[in-house]
Amino acid sequence: MVNITFPDNSVRQFEDGISGLEIAKSLSNSLAREVLAITVDEEIWDVTRPINKDASIKLHKWGDEESKHAFWHSSAHLMAEAIESIYPGTEFGIGPAIENGFYYDVDPGDSVQITDSDLIVIEKKMKELSTQKLAYSRKEVTKSEALEFFTEKGDEYKIELINDLEDIELTLYSQGNFTDLCRGPHLPDTAPIKAIKLLSVAGAYWRGDEKRKMLTRIYGISFPKQKMLEEYLEMLEKAKERDHRKIGRELELFTFSQRVGSGLPLWLPKGAQLRERLESFLKKVQLQHGYQPVITPHIGQKELYVTSGHYEKYGKDSFQPIKTPQEDEEFLLKPMNCPHHCEIYKSRQFSYKDLPVRYAEFGTVYRYEQSGELHGLTRVRGFTQDDAHIFCTPDQLKDEFNKVIDIILYIFKALDFQDFTAQISLRDPDDKEKYIGSDENWEKAEAAILEATNEKGLETVIEKGEAAFYGPKLDFMVRDAIGRKWQLGTIQVDYNLPERFELEYVGSDNEKHRPIMIHRAPFGSMERFVAVLIEHTAGKFPLWLSPEQAVILPISEKYHDYAEKVLNSLNNYDIRTLIDKRAESIGRKIRDSELKRIPYLLIVGEKETEAGTIAVRKQGEGDIGTMKFEEFVEFIQSEVAKQI
RNA sequence: GCCGAUGUAGCUCAGUUGGUCAGAGCAGCUGAUUUGUAAUCAGCAGGUCGACGGUUCGACUCCGCCUAUCGGCUCCA
């Protein structure tokens, strides 16, 4: 007998070798039908796997991540079986469950090309196989047995994977005619995989290495019920409605021109207004925090970037140097503001009493991003960083770092960005070649970040190998409408540039010392930030940011005079207002203004003209009642005051 | 940069096997309508069918190359 502990801490005895499924069955038949995975002492298992020891367990139904993982992982295997039956001889890379669904990287051979239209065929085959209720069976094998199996099958990718594994017990999972190297867990059988949709086919380098072969990656999603799939697809469609590229066009915020060049955004008047409001908001915050604005040119001598190390690191993949009419003079479009700011620091002497010095600039930089990488405003070739560089003494570092965290959190809060992750990016300990600077400085810098975030109680994830080449960083990441992660705010500790630029300050000991530099950008880039803001708000910006705050909609031409009067008064209060004087029906005017996401619609007709009032309609909510002019001004002002 | 897809009017999209197939809705313009809470009606105008080359008697349609965009991969100072 084994003692099984349930999540509520109750303990029951079962026969040795009982499976999760059987335990579920002993509780209720309906549970047994729904249970998809089981956690056994922190490990996630197949529900069919025998339990031979005392254990605490948790049974997982569809709603749990563990179940979804098993479900999608099993779906990936099902897809692999379908692919193998349609394209015999296909070799398989990896096929994991992901956050939403699953994928499999396959190599169907050089003569075969799987395209979008083939997905339907594969999907159909999967559905056919799923109805056969094929059991997923688990088999423990030794490394050499596994190697033998895949050598016989002729699957070089699996062989490579196995060879990289330690010589321990491996597991193979089979269903129908398909067997895969896999840790599991899986569903008992294919039957629950009822609703399947293969979403896209894409290339993906084997093991993420661009020097290796590109495999065909097929993305899919599956659910136990058709309705769930439909809901998911609907949700995807809805998310697309928030796409900043679409809203940016609709609301006339920005555009691109092929003649100007790809990845070079053109800010339209309304977008420029929005951006400038964000900039002045941050400028004000920065002034309060002791930052000093500086301004630097868009280009700099090539030598500047040789000194900074950027040229060696990125020179080949950058916009190439601009040449002057004189020979041997080369300038680069600046890819970063820091070298310029270092030169500003060098323009005078500093005592320890002067530090920290904080230079801030909305600096426009140009980077030659790979063509396949460009994406709306989130990945562009010319963008403006809300950049600043803090030069401080070693004992000021942690405090300064913390103050930057405060600014970022304040901004995120003001803009209602609650759903972000803070990521600490450290050096890859196995590939120090990628970085510049001494081990000692790296260790100090990394320790400073870890200490500061710890002190702040900031919840962070640590990513090794994600650091910048000159220093570790703390990044604030947010997701876009369809779940892609983007880096917004960033704080980076840098011991290297002060060294390279030979920056100094005079300490209390009257000796020269090297300051430490913090690079920081709370928004990251104005372009990317606005993009994410658009997706976050679906174009319904907070009142203080909205390019147009209110629109007056006269019922007919008779009320234009009154409307003008209201407009002038509102403009006197700096409430950004316009009038829709078109000879259209009020319904039409409301609709058009709603679609433009103007926060307040002010309807004026006979009643309002006589009473000296306005009928207020809130975007997305409808009529919120009639107000006197002063009431409305107060209403708007208090809303703005609440927001910032 | 790599894999795949797409590119028809300002926007969203139709366009059957190459031969009056250059179309629709919205937006725009003109006129009428003067309207009470999400689309008033009518008329007009709009496109070197992404660019360049080729096949053909004939190309939006087929082929090649380029370019841009989209979804991934790699990259992201």
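Chain A is the first sequence line, chain B the second, and so forth, proteins listed ahead of strands; every chain is numbered from 1.
Under a 4.0 Å N-O distance rule, the pair A:Arg358/A:Glu400 qualifies as a salt bridge.
In this model, the phosphate group of B:U40 is approached by a side-chain N or O of A:Ser585 to a distance below 4.0 Å at OP1 or OP2. Phosphate contact (OP1/OP2 of B:U34, side-chain N/O of A:Arg582, threshold under 4.0 Å): absent. An OP1 or OP2 oxygen of B:C70 is reached within less than 4.0 angstrom by a side-chain nitrogen or oxygen of A:Arg245. For A:His375 and B:G72, the shortest distance from a side-chain N or O to OP1 or OP2 is not below 4.0 Å. One finds no side-chain N or O of A:Thr115 lying less than 4.0 angstrom from the OP1 or OP2 phosphate oxygen of B:G4. Using a 4.0 Å cut-off, some side-chain N or O of A:Arg484 falls inside it from OP1 or OP2 of B:G72. Residue A:Lys558 places at least one side-chain N or O under 4.0 Å from the OP1 or OP2 atom of B:U35.
No donor-acceptor contact under 3.5 angstrom links the side chains of A:Lys607 and A:Thr613, judged on distance only.
Side chain of A:Glu369, nearest nucleotide from B:A39, B:G72, B:C76: B:C76.
Counting any heavy atom pair closer than 4.0 Å across all strands shown, A:Glu606 reaches a base atom.
In terms of polar N and O atoms assigned as donor or acceptor, the side chain of A:Arg591 comes within less than 3.5 Å of the base of B:A39 in a complementary pairing. Under 3.5 Å, the side chain of A:Glu608 and the base of B:G36 form at least one donor-acceptor pair of N or O atoms. Residue-to-nucleotide contacts include no donor-acceptor pair under 3.5 Å from the side chain of A:Arg381 to the base of B:C76. Looking at A:Tyr559, its side chain has no donor and acceptor atom pair within 3.5 Å of the base of B:G36.
Computed from coordinates, the A:Phe256 CZ to B:C11 C1' distance equals 17 Å when rounded to whole Å. The interatomic distance linking A:Lys589 (NZ) with B:U35 (C1') rounds to 8 Å, in whole Å. Computed from coordinates, the A:Ile579 CD1 to B:U34 P distance equals 21 Å when rounded to whole Å. Atom CD in A:Glu584 sits about 12 Å away from atom P in B:C26, given to the nearest Å. Distance CZ (A:Arg367) to C1' (B:C76): 8 Å, rounded to an integer number of Å.
Comparing A:Tyr314 and A:Gly376 against RNA chain B, the residue whose closest nucleotide sits nearer the 5' end is A:Gly376.
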